S.K.: 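Here it is, the structure, as structure tokens.
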2 protein chains.
Amino acid sequence: MTSAPPEVEGYDKYAFEPFALTADLAVLTVREGRLHVLLVERGQEPYAGAWALPGGFVLPEESAEQAARRELAEETGLSGDTAARLHLEQLRTYSDPGRDPRMRVVSVAFTALVPDLPEPRGGGDAAQARWLPYEDVRHLAFDHDRILADARERVGAKLEYSCLATAFCPAEFTLGELRQVYETVWGVALDRPNFRRKVLATPGFVRPVEGPPRRTGGRGKPAALYRAGEATALHPPLLRPEGRSA
Amino acid sequence: MTSAPPEVEGYDKYAFEPFALTADLAVLTVREGRLHVLLVERGQEPYAGAWALPGGFVLPEESAEQAARRELAEETGLSGDTAARLHLEQLRTYSDPGRDPRMRVVSVAFTALVPDLPEPRGGGDAAQARWLPYEDVRHLAFDHDRILADARERVGAKLEYSCLATAFCPAEFTLGELRQVYETVWGVALDRPNFRRKVLATPGFVRPVEGPPRRTGGRGKPAALYRAGEATALHPPLLRPEGRSA
DNA sequence: GCAAAAGTGTTTATATTACACCCATGG
DNA sequence: CCATGGGTGTAATATAAACACTTTTGC
């Protein structure tokens, strides 16, 4: 229910301790066989000089998701057009009192899965923005360590039963690249032939690219190219060998 | 990132349009083979007289989850102790500008799965509180129709790969009751023998109750009793016949 | 006895797993 | 020609689905 604020009956917006709302992003990508996270170096207190997830305050006329896209474009130099098309997913909201020393700040966290992008340039409030390997990340500002860990867990689980993995790939990709996404996020090796059959047996997961141009990931035989299909769910799911879920 | 609010550098908490934060709950139960939702009738404008999800404002020293438990206890007459033990799960946050006509209100929505409880008594801001069959619910206040639909979808998906279904059951339950949870939420009939094997084959899903007392759900042969086990994930998952996922 | 639900067994289909093997390319 | 990754085939195993049958209760 959404009745009037406590201690107030006449909707006096300023009569109670205000909340600030931020949108923070865990932007993940697979680069050189390792999971990477987009981080910014904070330019001001608190936590000046520390690494943090990109994000910022939600403006009065924005939804949290709009704010997330805007902040991402501002802080990384992505074009607004690219940011508008990104796969963004709401992760959860962090509302513990005291998570920001200045005032009551509630953060709506998002997860973004992106293909390997060019190195970002800093901008906005961020002193600099960089991709860092997930394993090397420690001691982020605020409760961002926890947010990042939650994002990683969620992504690992969603790969099992959704077609999300294609979001890590460029528009056209080989099945080897797609498999590498799973292997990187799950940290296991998958059987190549079985992976291929599984993916191709799922209607709408990937669609072969017509023109028989082929491309190689480096060495070896050139592979057929695919695009992401229209399906979003995976049935039956692709379970990881030593499975866990959310 | 969480730098200073826009248009402000000195952390003047009152210099920008304030947000209010609410916690709203989709409390679901299975009753007489149908999914039911706990709703309250609004006692004041806006939407006075309309049905809404229980919930209310997050207080300055609370997290959203604490607020959700407190509001649930207040509005339904559940003991604070019961509310403290409920299975509560954050669903998502709704932040569209304009979702509340009075001011900028952001809602953190939770889903609660509860066993068949006694009819609630109204309290707090609510004129009355009632269980209503999910299928009959329409035209809730604010964007609560959407929140409720999201909650239902999430619960249906989570039954597949988590042990959540036991949250709908009382402390001791029969496998028939557990199966009815699945059948009700998914709207399909499940094969009894196969369901039984599947549940018993999952370590930690249910634990048999020692004393061989047995109980019947109504007619038929008395069934063995079980308690919820310590497992939270289901591996491999229990897929619904005509599957979908989140 | 009959209906209803529990519980056991069995058969068949489908999915997963673990390999062996050939193909095309770069160096 | 050999290392590397793409792609095909196949047999062994595990899981899921369908259904027949016995048991125990209330009425």
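Note that the coordinates shown come from a computational prediction; the quantities given were computed from them, not determined experimentally. Numbered from 1 within each chain, the chains take letters A, B, ... in sequence-line order.
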S.K.: Using whole Å, what does the distance between atom P of nucleotide dA16(D) and atom CD of E160(B) come to?
M.R.: 12 Å
S.K.: Closest to the A223(B) side chain: dA24(C), dA6(C), dG7(D)?
M.R.: dA6(C)
S.K.: Give the B/S/- string for nucleotides 10-18 of chain C, one per nucleotide from 5' to 3', where a protein heavy atom under 4.0 Å of the base yields B, of only the sugar-phosphate yields S, and otherwise -.
M.R.: B-----SBB
S.K.: How close or far is atom P of dA6(C) from atom CZ of F173(B), stated in whole angstroms?
M.R.: 13 Å
S.K.: Is the closest basic N to carboxylate O distance between E41(B) and R130(B) below 4.0 Å?
M.R.: no
S.K.: I need the F195(A) CZ to L178(A) CG distance, nearest 0.5 Å.
M.R.: 4.0 Å
S.K.: Nearest whole angstrom, please: distance from the P of dG7(D) to the CD of E177(A).
M.R.: 11 Å
S.K.: dT8(D), OP1 or OP2 - any side-chain N/O from R196(A) closer than 4.0 Å?
M.R.: yes
S.K.: Scan side-chain atoms only and decide if Y94(B) and D150(B) contain a donor-acceptor pair under the 3.5 Å cut-off.
M.R.: yes
S.K.: Looking at A84(B), is its backbone amide N or carbonyl O close enough to the side chain of R69(B) to form a donor-acceptor pair, meaning the two atoms are under 3.5 Å apart?
M.R.: yes
S.K.: In whole angstrom, give the distance that lies between atom CG of L190(A) and atom C1' of dG6(D).
M.R.: 16 Å
S.K.: Please check this pair: side chain of H144(B) against backbone of L53(B), looking for a donor-acceptor N/O pair closer than 3.5 Å.
M.R.: yes
S.K.: Measure CZ/R192(B) against P/dC21(D) and give the value in whole Å, please.
M.R.: 16 Å
S.K.: Which whole-number value in Å describes the distance from L175(A) CG to dT8(D) C1'?
M.R.: 14 Å
S.K.: Would you mind reading off the distance between K221(B) atom NZ and dT25(D) atom P, rounded to a whole angstrom?
M.R.: 8 Å
S.K.: Which whole-number value in Å describes the distance from L225(B) CG to dG7(C) C1'?
M.R.: 15 Å
S.K.: With side chain to side chain contact (heavy atoms under 4.5 Å, CB included) as the criterion, how do E160(B) and R240(B) come out once you've worked through the C-alpha distance, each side chain's angles and the decisive distance to 0.1 Å?
M.R.: CA-CA 7 Å; E160(B) 292 195 322; R240(B) 43 189 152 179; 3.0 Å; yes
